[in-house]
**Q** 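Once you've had a glance at the structure underneath, I'll fire off some questions.
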Amino acid sequence: MDINTENLKAEMVAEINQAADIKALEELRVAILGKKGKITEMMKTLGSLPQEEKIALGKNLNILKTEVEKALNAQKSALETKELNARLASETIDVTLPVRPEQQGRLHPISQIYEEVVAIFGQMGFEVAEGPDIEDQFHNFNALNMPANHPARQMQDTFYIPNPDSTDFDDSFVVRTHTSPVQIRTMEKNKLPIRVVAPGRTYRSDYDATHTPMFHQIEGLVIDTDTTMAHLKGCLYDFIKAFFEVDEIPVRYRPSFFPFTEPSAEMDIGCLKTKNELKVGAGTDWLEVLGCGMVHPNVLRAGGIDPDKYQGFAFGLGLDRLAMLKYGIPDLRTFFESDVRWLKHYGFVPLDMASMTGGLSNNGGAAR
Ligand code: DAH
């Protein structure tokens, strides 16, 4: 048998080097080294050859097989590199392209409500006032006509903070239980008349579907020489209509008690409560939304204002509760879970700011 393995090697290596892709190369490997491949077939003939020829050809075929395997491996890695480079080239990202104008982030409903409420009162001529989250008992209680041991202090489950400079319990600080201390801080600034709202965080030891240890309130305070309860009613009526974005809404004031106002009232709005829904507006039911009243003379005095010359009204309401009502959010605790899916559902497009002229909530949230 006359087999020239050198020629065969040249032919096979040339073919291998011309394989255009991994698939063609694999077909070639099967055709040469597979069960019925050329070299395999030739190996099978060895048995029938005379001893000397068998040894010589066997040796050459083994060399051929090794060379062919080498060529196959080399071409395989060359093709793989080529394919990888082609893929990398086709998947290049141009990092200099401008970002896609998708708004991923959302404004939390609390931030939205904050903006809405400030937009409404801002248009009525109110300024935003601020006070510290950590308060002394004077501002949080005493100055608001709640001296030590006053029973009204029990109305609020207060978190106390020890005072490092005193062991006297009356000197301990509190995380403010309401935004009302900002009333005193504003009066202390000595600028009259006063027309402020003070939105912010408040704290009480309470936890269920409608209470969380940290929540938000907005306080309102108006003081002038001739401010009356009629002003209070008109102001809050305009506010509640603007807030719920309706032209009319039934409202009633119930007598109530707060130590810092006299008389005191709670404002209810008309609504319709069905099994699964609460609709604000005309209906047979009432829903309490805020506390208010005429500022108590003791409070004016504590703030350095002469109650014989000045009088005014105040109100306080829960922002979280308003957010739940307006946007139909059933559980307050979800506000503070930082779940981005929740935020995507209930959140607001951040660049559409709430405003009285541009619309309060027409930009997002569950009202979309
Ligand atoms: N501070 C009260 C509370 O947290 C709310 C409140 C009621 C504030 C009546 C007021 C007011 O200014 O006049 O429950």
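When a ligand or atom number is given, it counts from 1 through the structure's own listing order.
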**Q** For H178 and F258, what are the C-alpha separation, side-chain angles and deciding distance, and is it a ring pair (Phe, Tyr, Trp, His ring centres under 6.0 Å)?
**A** CA-CA 12 Å; H178 49 178; F258 300 104; 9.5 Å; no
**Q** Below 30° counts as parallel, above 60° as perpendicular, anything between as tilted: where do the rings of F126 and F121 land?
**A** perpendicular
**Q** Check the hydrophobic clustering (I, L, V, M, F, W, Y; side-chain heavy atoms under 4.5 Å; chains of links allowed) and say if V182 and L221 are grouped together.
**A**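 No; tracing contacts between hydrophobic side chains, which count when under 4.5 Å, never links both residues.
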**Q** Taking 4.0 angstrom as the limit, do R185 and D136 come out as a salt bridge?
**A**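 Result for this pair is yes, salt bridge flagged.
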**Q** Determine, stepwise, if the pair Y160 / F169 fulfils ring pair (Phe, Tyr, Trp, His ring centres under 6.0 Å).
**A** CA-CA 9 Å; Y160 287 90; F169 180 74; 4.7 Å; yes
**Q** Salt bridge or not between D133 and R176? Use side-chain N to carboxylate O under 4.0 Å.
**A** yes
**Q** Heavy atoms under 4.0 Å from ligand 1: which residues qualify?
**A** H178, S180, Q183, R204, Q217, E219, F258, F260, T261, G291, C292, G293, A314, F315, G316
